[in-house]
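Here the structure comes first, spelled out in structure tokens, and everything after it is commentary.
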Amino acid sequence: MRLRENTLGFVVNFLLGSAWAFMLIGAATSFLTSYHNGLFTAIISSFIGALPGLISVLLLEHIITSKEKYYELQKQTKLLEKIYIQSKNK
């Protein structure tokens, strides 16, 4: 788990796993249903079937990275405040 909050981390990681499964199922189902039309059509169809899952994965990863960025900015702010207080006292 990359997020600090246990409940939020659990929910986001669960949704991330579900999005990957949704992507895999969408790609496999689309490929197998359009395979009789030709290999090229099946590959294009599987890519289109995987798009909703891939978009979900990207959105969830964006949520995770923005939360990590927020945590790092909080750390930097605390350090900068300490440095400012130390330089002010000298």
## Note on the structure
Closest non-hydrogen atoms of Ile64 and Leu16, given as atom of the first, atom of the second and distance, are CD1-CD2, 4.2 Å
### Message
Would you compute the distance between atom CH2 of Trp20 and atom CE of Met23 and round it to the nearest 0.5 angstrom?
### Response
5.0 Å
### Query
In terms of hydrophobic clusters joined by side-chain contacts under 4.5 Å, are Leu51 and Val57 together?
no
### Task
Using the test side-chain contact (heavy atoms from CB on, under 4.5 Å), find all partners of Thr29 that sit at least two apart in sequence or belong to another chain.
Ile25, Thr33
### Results of side-chain contact (heavy atoms from CB on, under 4.5 Å) for Leu59 - residues two or more places apart only
Ile55
Sequence neighbours left out, cut at 3.5 Å: what donor-acceptor pairs do the side chains of residues 42-49 make with other protein atoms?
| from | atom 1 | to | atom 2 | distance (Å) |
| --- | --- | --- | --- | --- |
| Ser45 | OG | Ser30 | O | 3.3 |
| Ser45 | OG | Ser34 | OG | 3.4 |
| Ser46 | OG | Ala42 | O | 3.4 |
| Ser46 | OG | Ile43 | O | 2.8 |

### Message
In the structure I gave you, are the side-chain heavy atoms of Leu58 and Leu54 within less than 4.5 Å of one another anywhere?
### Response
no
### Query
Does Leu24 share a hydrophobic cluster with Phe31, counting links as ILVMFWY side-chain heavy atoms below 4.5 Å and allowing steps through other members?
no
## Note on the structure
Sorted by chain and number, sequence neighbours left out, ring pair (Phe, Tyr, Trp, His ring centres under 6.0 Å) with Phe14 holds for none
### Query
Residues two or more places apart in sequence or in another chain: which of them pass ring pair (Phe, Tyr, Trp, His ring centres under 6.0 Å) with Phe22?
none
### Task
For Glu72 and Lys75, run salt bridge (Lys or Arg N to Asp or Glu O under 4.0 Å): C-alpha distance rounded to whole Å, both residues' side-chain angles, the deciding distance at 0.1 Å, then the answer.
CA-CA 5 Å; Glu72 288 299 318; Lys75 287 181 191 177; 3.4 Å; yes
### Spacing of Leu79 atom CG and Gln76 atom CD [to the nearest 0.5 Å]
8.0 Å
### Query
What are the two closest non-hydrogen atoms of Thr77 and Leu73, and how far apart are they?
OG1-O, 2.7 Å
### Task
For Ile83, enumerate each residue passing the side-chain contact (heavy atoms from CB on, under 4.5 Å) test, keeping only those at least two apart in sequence or located in another chain.
none
### Task
May I ask you to test the Lys67-Leu8 pair for a side-chain heavy-atom distance under 4.5 Å?
yes
### Query
With the threshold set at 4.0 Å, does a side-chain nitrogen-carboxylate oxygen contact exist between Lys78 and Glu81?
no
### Query
How many angstroms lie between atom OG of Ser66 and atom CD of Glu61, to the nearest 0.5 angstrom?
10.5 Å
